[in-house]
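Structure first, then comments.
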Amino acid sequence: QVRLVEFGGGLVQAGGSLGLSCAASGRTDSVYSMGWFRQAPGKDREFVGGVSWASGTTYYADSAKGRFTISRDNAKNTMYLQMNSLKPEDTAVYYCAAGRSGSVGSEVYVYDYWGQGTQVTVSS
C-alpha cells in the first residue's frame with residue numbers, strides 16, 4: 001500500500017504562483033509513475049501532468065504546458081507541482097496519484113493510489 005499526502009494548497013491572485021508537494025510513503029518501491037489531477041466543482045477529474053518515477057520524464061496537459069512544472073525527488077519520495085501564471089480557471093481540488101504501471105497516463109484508471117486532495121483557489 002502507498003499513502004500520498006498533498007501539501008501547499010491555498011488562495012492566490014490571478015497571475016500569481018503556488019507550489020504543491022506530494023509525499024509518498026509505504027510501498028513506494030512499487031510506484032513507477034505519479035501524476036497530478038484536479039477537479040473543479042461539477043466537473044470531472046482531469047489530468048494536469050505526471051512524471052515517470054525512474055526517468056524523471058514529465059508529461060503535461062495542454063492547459064498546464066508553459067505554466068506548470070512537475071519535478072520529483074526520489075530520495076524524499078516526493079513529487080512537486082510548481083504553478084505559475086495562475087488563472088481563475090485553475091481553481092480546483094488538486095490530487096496527486098501514484099501508479100504501479102510503467103506508463104504516465106492521463107486517465108484516472110491508470111493510477112492505483114490517491115491523495116486526499118488540496119484546494120487551490122485563484123481569485124480574479
Side-chain angles (χ1 to χ4, degrees):
Q1 195 73 2
V2 175
R3 181 171 181 250
L4 303 173
V5 180
E6 299 100 337
F7 300 93
L11 173 65
V12 63
Q13 288 189 327
S17 299
L18 199 63
L20 306 181
S21 60
C22 172
S25 60
R27 287 294 309 276
T28 56
D29 59 324
S30 66
V31 172
Y32 289 90
S33 60
M34 292 190 72
W36 286 101
F37 285 75
R38 66 186 183 186
Q39 188 165 19
K43 295 189 176 181
D44 292 336
R45 192 167 296 190
E46 66 172 1
F47 178 72
V48 174
V51 60
S52 169
W53 204 246
S55 69
T57 303
T58 53
Y59 305 83
Y60 296 94
D62 287 343
S63 59
K65 287 178 182 176
R67 298 189 301 129
F68 294 1
T69 303
I70 293 171
S71 60
R72 96 273 192 244
D73 184 329
N74 293 51
K76 295 181 179 180
N77 290 321
T78 300
M79 176 178 64
Y80 304 93
L81 176 65
Q82 178 63 38
M83 301 182 289
N84 299 326
S85 302
L86 283 161
K87 306 174 183 179
E89 51 263 44
D90 294 317
T91 295
V93 176
Y94 282 70
Y95 297 90
C96 73
R100 293 174 295 185
S101 72
S103 301
V104 177
S106 61
E107 300 296 332
V108 169
Y109 66 78
V110 170
Y111 299 89
D112 304 286
Y113 308 103
W114 293 83
Q116 82 287 352
T118 185
Q119 177 71 45
V120 171
T121 303
V122 184
S123 63
S124 57

Do [X] and [Y] have side-chain heavy atoms sitting under 4.5 Å apart?
X    : Y    : value
T28  : W53  : no
Y111 : V31  : no
M79  : I70  : yes
Y32  : V104 : no
Y59  : S106 : no
L20  : E6   : no
M34  : L4   : yes
Q119 : T91  : yes

[Y] reachable from [X] in the ILVMFWY side-chain graph, under 4.5 Å edges:
X    : Y   : value
V12  : V48 : yes
F37  : Y80 : no
V120 : V93 : no

Before giving the answer on side chain to side chain contact (heavy atoms under 4.5 Å, CB included), spell out for V108 and F47 the whole-Å C-alpha distance, their side-chain angles and the decisive distance to 0.1 Å. CA-CA 8 Å; V108 169; F47 178 72; over 6 Å; no

State whether the side chain of [X] and the backbone N or O of [Y] hold a donor-acceptor pair below 3.5 Å, judged by distance alone.
X    : Y    : value
R3   : Y113 : no
Y95  : Q39  : no
S33  : S103 : yes
Q116 : V5   : no

Minimum-distance pair of heavy atoms, taken over all atoms of S124 and A14: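 Residues S124 and A14, closest heavy atoms: CA-CB, 4.3 Å.
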
Minimal non-hydrogen separation, V2 against S30, with atom names: CG2-OG, 3.9 Å

Please assess R45 against W114 for the test side chain to side chain contact (heavy atoms under 4.5 Å, CB included), listing each intermediate value before the final yes or no. CA-CA 12 Å; R45 192 167 296 190; W114 293 83; 3.3 Å; yes

Yes or no on side chain to side chain contact (heavy atoms under 4.5 Å, CB included) for R38 and D90, after CA distance, side-chain angles and deciding distance? CA-CA 9 Å; R38 66 186 183 186; D90 294 317; 2.8 Å; yes

So, taking the atom named [atom1] in [X] and the one named [atom2] in [Y], what distance separates them when rounded to the nearest 0.5 Å?
X    : Y   : atom1 : atom2 : result
R67  : S17 : CZ    : OG    : 10.5 Å
D112 : Q1  : CG    : CD    : 9.5 Å
Y94  : C22 : OH    : SG    : 14.5 Å

D44, CG atom: more than 12 neighbouring heavy atoms under 6.0 Å: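 Not buried by this count: 12 neighbours or fewer within 6.0 Å.
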
Where do T118 and F7 land on the side chain to side chain contact (heavy atoms under 4.5 Å, CB included) test, with the steps shown first? CA-CA 7 Å; T118 185; F7 300 93; over 6 Å; no

